[in-house]
Engineer: 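Pasting in a structure now, in structure tokens, and then I'll have a few things to ask.
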Amino acid sequence: MGKQTLVLENIEKSFKDGDRINHIVKNLSFSVNKGEVVAVIGPSGSGKSTFLSIAGALLSPDKGKVIVNGENISSFSDVEKANIRLNHLGYIFQTSNLVPYLKVEEQLSLVLKMAGKWSKGEKLKIKELLKAVGMDHRAKYFPQQLSGGEKQRVAIARAFVNDPEVILADEPTASLDPNRSMAIIELISKIVKEQNKSAIIVTHDEQILPLCDRVFVMKDGKLIEQERNVKYEKVQ
Ligand SMILES: Nc1ncnc2c1ncn2[C@@H]1O[C@H](COP(=O)(O)OP(=O)(O)O)[C@@H](O)[C@H]1O
Ligand SMILES: [Mg+2]
């Protein structure tokens, strides 16, 4: 197996708007490597979430290949795609989307149960992941007892619990203040590097870009890699 964890080839996606057809994604190709955190920026409505949904096997492209873990999932059935989502991909959204009536540790065990990977031995893994995001002391808490930043940290632990190759995050810091935002991206990056995973982070939060290995801009339905310039250099 090569370095690339997720590859998109020549992706097309249109939506109907009354009589009009809007071509949102046009001949888009993209790949992300192991150990890499990639940011995707671009104006509102440019198709960032559409791209991420296709990359995350949540939305089917009209044309093109989506290759996850070396397998072209384009022709997979809905059930097969659900299996890819449960076993190979992890998601982080703008709001944490925790289940209100489950304790923090249960948010994580639920994912393993759904993926058929649950056993008592996994309790240690859950504890370690919660420790990695600084939330092990909140394992028995319910979401309503946590702050926004804490909920998002639980959501990060949850995204990693099924040992996914690729983490997909859509505006993960949009509901957080600047300090918390940096901490959240640092946390994602730390786990990605330690565990040799990949992360794709859609964002309009420019302050986090220096923490990412590569930056792409969504433009005219394609992803264009940005040259690294002064604007994105880390300010020490
Ligand atoms: N399911 C859908 N049906 C129709 N139009 C959609 C759908 N999803 C997205 N769009 C349209 O596609 C464009 C890009 O949306 P989106 O990918 O959400 O952009 P971004 O995340 O960059 O703000 C928008 O014009 C949006 O209205
Ligand atoms: Mg969006």
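When reading the values below, keep in mind they use all heavy atoms of this one structure, side chains included, and skip hydrogens, waters and symmetry mates. Numbering of ligands and ligand atoms starts at 1, following listing order.
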Engineer: State whether any protein heavy atom lies less than 4.0 Å from atom 7 (C) of ligand 1.
Structural biologist: yes
Engineer: Do you see a protein non-hydrogen atom under 4.0 Å from atom 21 (O) of ligand 1?
Structural biologist: yes
Engineer: Measure the spacing between OG of S189 and CG of L211 and express it to the nearest 0.5 Å.
Structural biologist: 7.0 Å
Engineer: Cluster question for you: counting only ILVMFWY and a side-chain heavy-atom cut-off of under 4.5 Å, with indirect links fine, are L86 and L59 together?
Structural biologist: no
Engineer: Flag the pair R153 / I184 as yes when at least one side-chain heavy-atom distance between them is below 4.5 Å, and no otherwise.
Structural biologist: yes
Engineer: Has ligand 1 got any nitrogen or oxygen that is less than 3.5 angstrom from a nitrogen or oxygen of G47?
Structural biologist: yes
Engineer: Testing the basics here: between I92 and A155, what is the closest heavy-atom pair and its distance to 0.1 Å?
Structural biologist: CG1-O, 4.3 Å
Engineer: Rounded to the nearest 0.5 Å, what's the gap from CG on L6 to CG on N33? Could you check?
Structural biologist: 10.5 Å
Engineer: Are side-chain heavy atoms of M135 and Y141 found at a separation under 4.5 Å?
Structural biologist: no
Engineer: Salt bridge (Lys or Arg N to Asp or Glu O under 4.0 Å) for E122 and K117? Distances and angles first, verdict last.
Structural biologist: CA-CA 8 Å; E122 299 291 338; K117 290 179 181 171; over 6 Å; no
Engineer: Run the contact test for P43 against ligand 1 with a 4.0 Å cut-off on heavy atoms, strictly below, and give the result.
Structural biologist: yes
Engineer: Can you list the atoms of ligand 1 that are under 4.0 Å from a heavy atom of S49?
Structural biologist: 17 (O), 18 (O), 20 (P), 21 (O)
Engineer: What protein atoms of element N, O or S are positioned under 2.8 Å from the Mg ion (ligand 2)?
Structural biologist: S49 OG
Engineer: Considering only heavy atoms from C-beta outward, does the side chain of Q107 approach that of V161 to under 4.5 Å?
Structural biologist: no
Engineer: Considering only protein heavy atoms, which is closest to atom 13 (C) of ligand 1, and at what distance to one decimal place?
Structural biologist: I24 CD1, 3.5 Å
Engineer: Hey, what do you get for NZ (K151) to CG (N97), rounding to the nearest 0.5 Å?
Structural biologist: 10.5 Å
Engineer: For atom 14 (C) of ligand 1, grab the closest protein heavy atom and report residue, atom and distance to one decimal in Å.
Structural biologist: G45 O, 3.3 Å
Engineer: How long is the gap from CD on E165 to CG on N196, to the nearest 0.5 Å?
Structural biologist: 10.5 Å
Engineer: Does the residue G42 have a heavy-atom contact with ligand 1, meaning some pair of atoms that are separated by less than 4.0 Å?
Structural biologist: no
Engineer: Can an N or O of T50 be found at a distance shorter than 3.5 Å from an N or O of ligand 1?
Structural biologist: yes
Engineer: Between V215 and V38, is there shared hydrophobic-cluster membership here, with clusters defined by ILVMFWY side-chain heavy atoms closer than 4.5 Å?
Structural biologist: no
Engineer: Can you find an N/O atom of F15 closer than 3.5 Å to an N/O atom of ligand 1?
Structural biologist: no
